[in-house]
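Here is the structure we will look at.
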Amino acid sequence: MTAEAILANTRSLDAADTTRDPQALADRIIDCLVHRIGKDQRAAKPHDWLTAAVLTVRDDVIERWMTSTRATQASGAKRVYYLSLEFLIGRLLRDAIANLGRAEEFDAALKLLGVDLAMIEEIEPDAALGNGGLGRLAACFMESLASLNLPAYGYGIRYVNGMFRQRIDDGWQVELPETWLAHGNPWEFERRESAYIIGFGGEVVGTETGAVEWTPDEKIEAVAVDTPVVGWRGERVNTLRLWTARAFDPIRLDAFNAGDHAGALANQVRAETLVRVLYPADSSPAGHELRLRQEYFFSSASIQDIVRRHVQYGNDIRTLHEKAAIQLNDTHPAVSVAELMRLLVDHHGLGFDEAWDITRKTFGYTNHTLLPEALESWPLPLFERLLPRHMQIVYAINARLLKEARRAPGMDDRAISAISLIDEGGERRIRMANLAFAGSHSVNGVAALHTELMKQTVFADLHRLYPDRINNKTNGITPRRWLQQCNPGLTDLIREAIGDGFLDDASRLADLRPFTEDAAFQERFAAIKRANKAALSQHLREVMGVRLDPDALFDVQVKRIHEYKRQLLNIIETVALYDQIRNHPERDWVPRVKLFAGKAASSYHNAKLIIKLTNDVARKINADPAVHGLLSVAFAPNYNVSLAEKIMPAADLSEQISTAGMEASGTGNMKLALNGALTIGTLDGANIEIRDHVGAKDIVIFGLTADEVAAKRADGYRPSEVIEAHPDLNQAISAIETGVFSPGEPDRYRDLMAGLREHDWFMLAADFPSYAEGQREIDRRWTDPAGWRAATIRNVAGMGWFSSDRTIGEYAHDIWSVR
Ligand code: 26V
């Protein structure tokens with residue numbers, strides 16, 4: 001069949017395969033329940049209904065999936081491969097049925113069976129195979145790739161335990177294992193036929209022919225597990241391929257028969273350990289051997305799979321870059337560069353130079369952070385012990401790179417050592433960012449400012465050597481999940497106003513602009529926000545017992561807990577506000593709910609202390625009748641994609657208050673603004689571009705710029721002077737450090753506050769006065785409801801550009817050269 005015929009076939013499927021009759025769909029669900037789950041309708045538990053619904057929709061998805069795959073095969077089109085150690089996909093049922101345009105039909109069918117769709121959606125496990133922004137971006141990208149009808153595969157690891165579940169015990173974070181696979185996973189397909197051997201350790205020897213042979217002393221099998229990714233309107237279904245591990249030699253019978261039962265199964269345990277946990281940190285690499293093993297395991301399996309597919313379709317290995325574009329999501333898969341070189345040279349007999357040329361044309365690398373502690377590097381002895389052949393390849397790449405650098409004008413010894421793949425200062429380490437940079441034809445940042453800072457800081461010398469390589473691709477979010485699915489009320493209102501074209505082309509949201517001053521539209525817009533806030537309040541009342549007044553201003557900061565994100569700035573300002581309200585009860589205070597949520601890396605002491613402080617502050621403020629109805633504070637436990645889907649539509653104010661220069665982009669900032677929150681933020685990451693798109697008067701910007709932060713640091717910043725000059729700030733810090741919020745343990749926050757007074761690395765004190773002023777500006781705007789509503793509607797109208805469809809369109813055109 002020709003590609004056109006296959007595509008035509010896909011279209012005709014639209015009409016053929018989907019029942020639009022709820023009764024017929026209900027019959028199919030029952031059929032699944034009986035024949036595939038083995039349950040009678042009366043005995044079925046909520047989980048059985050969920051599985052039956054998933055299997056039913058999955059059957060329809062499979063047809064499209066196969067058609068998509070066949071069409072790509074037949075056309076010989078170039079494929080995109082997105083390699084990421086994290087995919088924070090969340091729940092999939094609503095996503096699938098909404099993208100197929102069948103949500104109402106499923107709702108009606110389940111109703112006929114006495115089952116509430118919303119209820120079964122709520123019990124679907126939230127697949128949290130990621131930490132935060134980087135992982136969620138990968139998930140949004142997968143959805144946009146399918147929606148833009150681009151043939152793409154995501155490659156990652158099928159962690160048995162994803163992100164930990166966070167419980168708050170007496171205000172402290174407690175980490176519990178998340179068992180998302182406890183009831184099985186009806187979305188996935190294990191592909192035993194797609195398995196690869198992954199080697200570790202051993203020896204490398206030269207053979208008589210001059211070739212090199214690596215004999216690993218440990219082998220683990222990587223087995224593919226596929227999940228379909230449904231694009232908008234179901235046009236294309238792509239594959240998320242996650243690797244699981246199996247022992248190459250699962251049981252050693254000799255050991256077993258000799259009575260060493262544990263020893264006999266050691267290989268299996270070792271293999272399972274590899275995919276057991278997601279590293280629950282988003283900075284400060286632990287430098288653990290297991291993490292490097294994970295990185296190589298998934299890189300090798302993915303690269304082997306990509307090369308096999310290329311060759312299997314009859315292509316010459318020398319044309320790999322014409323048929324495959326591989327994007328490295330941060331440096332976590334950077335060892336893929338050496339792995340592809342190994343396959344090209346050792347297995348396919350290419351010369352080093354030719355292999356290097358193909359490798360560079362194939363890879364692109366995305367950087368997601370400039371934080372020095374998050375830049376990965378591996379101790380050379382560890383790398384060499386685990387991957388001896390790759391070590392040789394890294395040396396060879398480095399020799400070439402440094403030769404080129406030495407020939408370039410103006411490269412002194414300092415520049416050469418900064419460019420080197422090997423950090424020679426102290427214990428020798430391999431710099432994964434330099435390897436990824438050297439091995440790629442494109443290196444991109446994730447927001448305009450971040451990309452500029454990449455050129456000036458971490459990659460300054462590499463950028464001088466390769467001035468055309470760094471480019472910017474500002475992040476985006478999928479408007480299907482982050483507007484249509486999470487905020488159906490607002491979606492319906494927008495559809496009524498401007499039609500539903502905005503779901504295909506988010507830039508059409510700009511058509512909302514004529515409605516900004518329309519009183520009737522404003523009323524309905526506000527009523528939807530009010531309803532979303534009431535729903536969130538109800539949810540938080542059920543999960544944590546708090547009562548939040550939906551008529552108060554919902555001020556939210558939801559993201560990973562990190563000092564650079566400055567949750568502490570928000571808390572200290574909350575304490576200062578609390579003081580002011582008590583000192584001036586006669587003033588007209590705007591009732592506020594301060595909502596926080598986010599996880600702290602388990603080893604990150606200060607981040608965990610900030611969670612405790614938030615809860616200590618919440619307890620005192622919420623119990624104080626003097627501020628009752630005016631100020632309340634809540635820390636919602638276990639922030640994940642599903643909770644984000646409830647919070648984004650209910651927020652009035654979005655806190656994006658990182659120290660300028662430190663947040664690469666942010667994507668929560670986009671989700672909140674798209675759902676009609678105003679932003680209070682610094683000129684950092686994508687906040688700058690959000691300001692440009694929504695208009696400077698509809699965002700509250702405060703604080704130092706990135707340049708000013710750098711200049712202040714260079715000048716010798718003295719936070720104690722700033723603190724003493726601002727009595728509000730000083731008083732709030734004093735209250736916290738003397739135990740006003742922790743009477744049972746008055747010294748609990750002494751060191752944390754001393755850190756502020758002494759060095760304040762994140763410049764919280766420097767930004768406090770303008771932040772507090774920004775918050776009072778927010779209060780003034782809130783007291784003009786029509787003005788507030790107009791501003792939030794203009795925010796929604798301006799956010800179309802932040803669709804991940806736009807971002808992926810740019811990657812496709814500028815980096816991958818795919819249609
Ligand atoms: C580093 C490490 C170090 C080893 C342990 C595991 C681990 C996991 C992740 C990372 C890097 C995290 C970088 C990251 O998440 N960056 C965020 O990327 C978002 C998407 O581009 C962006 O919006 C955020 O601003 C940025 O912080």
Side-chain angles (χ1 to χ4, degrees), residues 82-88 128-141 156-157 159 162-164 277-295 298 327-334 365-378 432-433 436 444-451 453-454 458 472-478 482 558-566 598-604 644 656-672 681-682 684-690 706 802 804 807-808 811:
Y82 198 79
L83 268 57
S84 178
L85 221 44
E86 305 192 7
F87 286 94
L88 201 42
L129 309 181
N131 274 283
L134 168 145
R136 183 54 232 178
L137 185 76
C140 283
F141 279 8
I157 292 182
Y159 301 105
M163 191 58 197
F164 64 79
V277 288
L278 163 78
Y279 268 79
D282 59 359
S283 61
S284 314
H288 288 155
E289 178 172 335
L290 179 61
R291 170 78 181 185
L292 178 57
R293 286 166 60 88
Q294 286 185 335
E295 292 184 357
F298 117 92
Q327 193 67 27
L328 303 173
N329 197 24
D330 216 291
T331 56
H332 315 153
Y365 154 53
T366 306
N367 172 280
H368 294 268
T369 179
L370 297 174
L371 295 187
E373 68 269 26
L375 292 177
E376 281 191 302
S377 70
W378 292 106
M432 301 309 272
N444 73 283
V446 291
L449 172 69
H450 169 230
T451 300
L453 293 174
M454 278 168 66
V458 263
N472 179 56
K473 297 286 168 282
T474 299
N475 284 168
I477 57 173
T478 166
W482 296 111
V558 290
K559 51 184 79 243
R560 284 300 288 255
I561 311 295
H562 209 296
E563 286 163 286
Y564 85 80
K565 294 177 188 282
R566 298 200 295 192
K599 292 174 181 174
S602 35
S603 57
Y604 191 167
Q656 307 301 334
I657 61 177
S658 51
T659 313
M662 302 195 87
E663 187 70 271
S665 163
T667 44
N669 47 3
M670 301 170 191
K671 292 161 199 167
L672 286 157
T682 47
D684 199 15
N687 296 350
I688 298 173
E689 290 148 271
I690 292 177
F802 296 92
S804 45
T807 313
I808 287 296
Y811 276 88

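Count residues from 1 along the sequence. For the numbers below, each heavy atom of this structure counts, side chains included, while hydrogens, waters and symmetry mates do not. As the structure lists them, so they are numbered: ligands from 1, and atoms in each ligand from 1.
Between Tyr279 and His288, the angle of the ring planes lies from 30° to 60°, which puts this pair in the tilted group.
Among Glu663, Arg560, Arg291, the residue whose heavy atom lies closest to atom 27 (O) of ligand 1 is Glu663. The heavy atom nearest to atom 14 (C) of ligand 1, out of those in Val446, Leu134, Leu370, is found in Leu134.
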| request: Dump the intermediate steps for side-chain hydrogen bond (donor to acceptor under 3.5 Å, both in side chains) on Asn472 and His450, then the final yes or no. | output: CA-CA 8 Å; Asn472 179 56; His450 169 230; 5.9 Å; no

| task | Apply ring pair (Phe, Tyr, Trp, His ring centres under 6.0 Å) to Tyr604 and His562, showing your working. | result | CA-CA 9 Å; Tyr604 191 167; His562 209 296; 4.9 Å; yes

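Phe141 is linked by a ring pair (Phe, Tyr, Trp, His ring centres under 6.0 Å) to Tyr82, Tyr811, counting only residues two or more places apart in sequence or in another chain. Scored by the side-chain contact (heavy atoms from CB on, under 4.5 Å) test, Leu88 finds Ala128, Arg136, Val641 as partners (sequence neighbours excluded).
Taking distance alone, with nitrogen or oxygen atoms compared against 3.5 Å, Asp330 stays at or beyond that limit from ligand 1. For a threshold of 3.5 Å applied to N or O pairs, the pair formed by Asn475 and ligand 1 contains at least one separation below that value.
For ligand 1, the atoms closer than 4.0 angstrom to any heavy atom of Ala664 are 25 (O). Within ligand 1, the atoms closer than 4.0 Å to a non-hydrogen atom of Gly666 are 22 (C), 23 (O), 24 (C), 25 (O), numbered from 1 in the order shown. Atoms of ligand 1 found under 4.0 Å from any heavy atom of Glu86 (numbered from 1 in listed order, with element): 8 (C), 9 (C). Close contacts of ligand 1 with Tyr564, meaning ligand atoms under 4.0 Å from a residue heavy atom, involve 27 (O).
Within the structure, ligand 1 has His332 among the residues with a heavy atom less than 4.0 angstrom away. Proximity of Gly685 to ligand 1 is not established, as no heavy-atom distance is less than 4.0 Å.
Remark: side-chain polar atoms of Ser658 are not paired, donor with acceptor, to backbone N or O of Lys565 under 3.5 angstrom.
The line from CD1 of Ile688 to CG of Leu449 is 4.5 Å long, rounded to the nearest 0.5 Å.
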